[in-house]
*Asks:* 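Submitted below is the structure of interest, expressed as structure tokens.
Per chain, numbering begins at 1; letters A, B, ... match sequence-line order.
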Amino acid sequence: MPPDLTSTHSRIYATIRRIPYGKVASYGQIARLAGMPRHARLVGYALHRLPNGSSIPWHRVVNARGDLSLAHAGRASGIEQRLRLEREGVPVNAAFRVSMARFGWRPARAKRRA
DNA sequence: CTAGTGACTGTTT
DNA sequence: AAAACAGCCACTA
């Protein structure tokens with residue numbers, strides 16, 4: 001059986017796994033879906049503690065503006081994130097920016113029109 | 001216990 | 001358009 005899925009980190013990981021292929025979600029979005037509306041920073045915190053080789057699509061997590069926070073934070077891993085995103089069909093700007101309007105993940109809510 | 005930090009977000013300059 | 005400021009709260013030391 002899985003470990004503490006009720007843990008904040010595990011919850012965050014589970015939510016990130018729900019991000020569909022070719023889409024990106026913001027930290028706030030993940031936090032909200034995980035049931036922690038104001039814990040956007042915790043999402044980043046949890047990801048920072050992520051072990052190398054985890055099965056979660058961490059590269060699909062960007063900040064609210066669509067920027068790769070990883071690259072902006074001066075992390076070399078930002079390059080890898082851009083690479084992975086482009087491989088999924090998500091174009092990344094020269095400024096490490098993604099079009100949230102077109103590639104932002106829109107989780108299906110209550111049915112409204114179909 | 002207190003203090004500092006941050007892969008963030010929204011508002012204001 | 002970008003930069004600065006403030007709010008936010010779990011985690012680490």
*Asks:* In whole Å, I'd like the distance from the CG atom of A/Asn63 to the P atom of C/dA3.
*Replies:* 14 Å

*Asks:* Are the side chain of A/Arg17 and the backbone of A/Ile56 linked by a donor-acceptor contact shorter than 3.5 Å?
*Replies:* no

*Asks:* Under 4.0 Å: is that the gap between some side-chain N or O of A/Ser77 and OP1 or OP2 of B/dA7?
*Replies:* no

*Asks:* In whole Å, I'd like the distance from the OH atom of A/Tyr13 to the C1' atom of B/dA7.
*Replies:* 12 Å

*Asks:* In whole Å, I'd like the distance from the CD1 atom of A/Ile16 to the C1' atom of B/dC8.
*Replies:* 13 Å

*Asks:* Mind listing the N/O atom pairs, protein and nucleotides 6-10 of chain C, below 3.5 Å?
*Replies:*
| from | atom 1 | to | atom 2 | distance (Å) |
| --- | --- | --- | --- | --- |
| C/dG7 | O6 | A/Arg41 | NH1 | 3.3 |
| C/dG7 | N1 | A/Arg41 | NH1 | 3.4 |
| C/dC8 | O2 | A/Arg41 | NH1 | 2.8 |
| C/dC8 | N3 | A/Arg41 | NH1 | 3.0 |

*Asks:* Between atom CH2 of A/Trp105 and atom CZ of A/Arg60, what is the distance when rounded to the nearest 0.5 Å?
*Replies:* 10.5 Å

*Asks:* Treating A/Gln81 as the side-chain partner and A/Val61 as the backbone partner, does any N or O pair qualify as donor plus acceptor under 3.5 Å?
*Replies:* yes

*Asks:* Residues sharing A/Val24's hydrophobic cluster, by side-chain heavy-atom contacts under 4.5 Å among ILVMFWY, directly or via others?
*Replies:* A/Val62, A/Leu68, A/Ile79, A/Leu85, A/Val90, A/Val92, A/Phe96, A/Val98, A/Met100, A/Phe103

*Asks:* To the nearest Å, give me how far apart CE (A/Met100) and P (B/dG10) are.
*Replies:* 10 Å

*Asks:* Under 3.5 Å, is there a donor-acceptor pair between the A/Ser26 and A/Asn63 side chains?
*Replies:* no

*Asks:* Does A/Arg49 or A/Arg65 map to a spot on DNA chain C nearer the 5' end, using the closest nucleotide for each?
*Replies:* A/Arg65

*Asks:* Between atom CD1 in A/Ile12 and atom P in B/dA7, what is the gap in whole Å?
*Replies:* 13 Å

*Asks:* Nearest-Å distance, NE2 (A/His48) to P (C/dT12)?
*Replies:* 11 Å

*Asks:* Can any side-chain N or O of A/Ser54 pair as donor or acceptor with the backbone N or O of A/Leu50 at less than 3.5 Å?
*Replies:* no

